[in-house]
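Written out below as structure tokens is the structure these notes cover.
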Amino acid sequence: ETHNSLLRVESKLDYLGNNLNSQNHLRIAKTDVNLRSKNKKHSRKIGLVRSGQIVIVLKIKHKWLYVSYVNSNFGAVHFGYVYKKYFDNI
């Protein structure tokens with residue numbers, strides 16, 4: 001099962017690498033930030049982006065970023081929305 005999990009992570013990272021373009025870029029979290037399922041303040045929390053975490057911005061929707069990142073503790077790839085003001089450009 002661990003092998004299958006690693007293959008899924010590699011597949012997701014390959015997808016990310018192949019789909020980056022000039023509009024996508026990296027940002028770093030200035031503080032802990034809730035990862036949400038939708039770009040709405042009260043949408044379901046699906047995770048937490050820790051302060052210092054680098055994320056890949058896949059889409060910008062007004063004050064929200066749709067991001068992906070790899071959790072350094074578990075190696076899991078996460079996708080979701082975060083509030084833009086809590087991130088700095090790299």
Side-chain angles (χ1 to χ4, degrees):
E1 184 167 329
T2 301
H3 179 71
N4 288 339
S5 295
L6 289 174
L7 289 177
R8 284 193 300 272
V9 169
E10 286 178 359
S11 174
K12 289 179 182 178
L13 289 174
D14 285 344
Y15 171 82
L16 287 174
N18 291 332
N19 287 283
L20 291 178
N21 61 41
S22 62
Q23 292 181 349
N24 294 319
H25 54 279
L26 302 177
R27 296 205 185 187
I28 188 166
K30 297 190 276 187
T31 185
D32 289 352
V33 183
N34 289 318
L35 184 70
R36 297 191 178 273
S37 59
K38 297 179 183 176
N39 60 331
K40 304 288 180 201
K41 185 177 175 180
H42 297 292
S43 67
R44 185 170 56 94
K45 294 177 190 175
I46 56 175
L48 184 69
V49 179
R50 295 284 184 188
S51 180
Q53 175 71 54
I54 295 172
V55 300
I56 300 170
V57 177
L58 302 173
K59 189 185 322 181
I60 299 174
K61 291 186 91 177
H62 306 289
K63 296 180 181 182
W64 294 86
L65 305 172
Y66 183 67
V67 301
S68 179
Y69 67 98
V70 177
N71 180 310
S72 58
N73 292 333
F74 304 107
V77 178
H78 298 278
F79 294 86
Y81 287 92
V82 292
Y83 206 63
K84 185 166 54 174
K85 74 177 185 178
Y86 298 116
F87 289 82
D88 283 330
N89 290 322
I90 294 181

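Owing to the predicted nature of the structure, the values given are computational and were not obtained by experimental measurement.
- A continuous path of hydrophobic side-chain contacts links Val49 to Val77 [ILVMFWY only; heavy atoms under 4.5 Å].
- Annotation: ring-ring contact (aromatic ring centres under 6.0 Å, His included) contacts involving residues 27-65, sequence neighbours excluded, comprise Trp64-Tyr83.
- In this structure, Leu65 and Val55 have side chains that are not in contact, with every pair of non-hydrogen atoms separated by 4.5 Å or more.
- Side-chain contact between Ile60 and His25: present, with at least one pair of heavy atoms (C-beta onward) separated by less than 4.5 Å.
- Distance CG/Leu35 to NZ/Lys45: 11.5 Å, rounded to 0.5 Å.
- Every ring-ring contact (aromatic ring centres under 6.0 Å, His included) that Tyr66 has, sequence neighbours left out, goes to Tyr81.
- Scored by the salt bridge (charged side-chain N to carboxylate O under 4.0 Å, His left out) test, Lys30 finds Asp88 as partners (sequence neighbours excluded).
- Residues Phe87 and Val67 have side chains not in contact (no heavy-atom distance under 4.5 Å, counting atoms from C-beta outward).
- By the side chain to side chain donor-acceptor pair (under 3.5 Å) test, Arg36 is found to be paired with no residue, residues two or more places apart in sequence or in another chain being considered.
- Remark: side-chain polar atoms of Ser68 are paired, donor with acceptor, to backbone N or O of His78 under 3.5 angstrom.
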Problem - side chain to side chain contact (heavy atoms under 4.5 Å, CB included) between Ile56 and Leu26, worked out - result: CA-CA 5 Å; Ile56 300 170; Leu26 302 177; 3.6 Å; yes

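- Separating the NZ atom in Lys85 from the OG1 atom in Thr31 is a distance of 11.0 Å, to the nearest 0.5 Å.
- Atom CZ of Arg27 sits about 10.0 Å away from atom CD1 of Ile90, to the nearest 0.5 Å.
- Residues Leu48 and Val70 fall into different hydrophobic clusters, defined by Ile, Leu, Val, Met, Phe, Trp and Tyr side chains chained together at heavy-atom separations under 4.5 Å.
- In this view, Arg50 and Asp32 satisfy the side chain to side chain donor-acceptor pair (under 3.5 Å) rule, not counting sequence neighbours.
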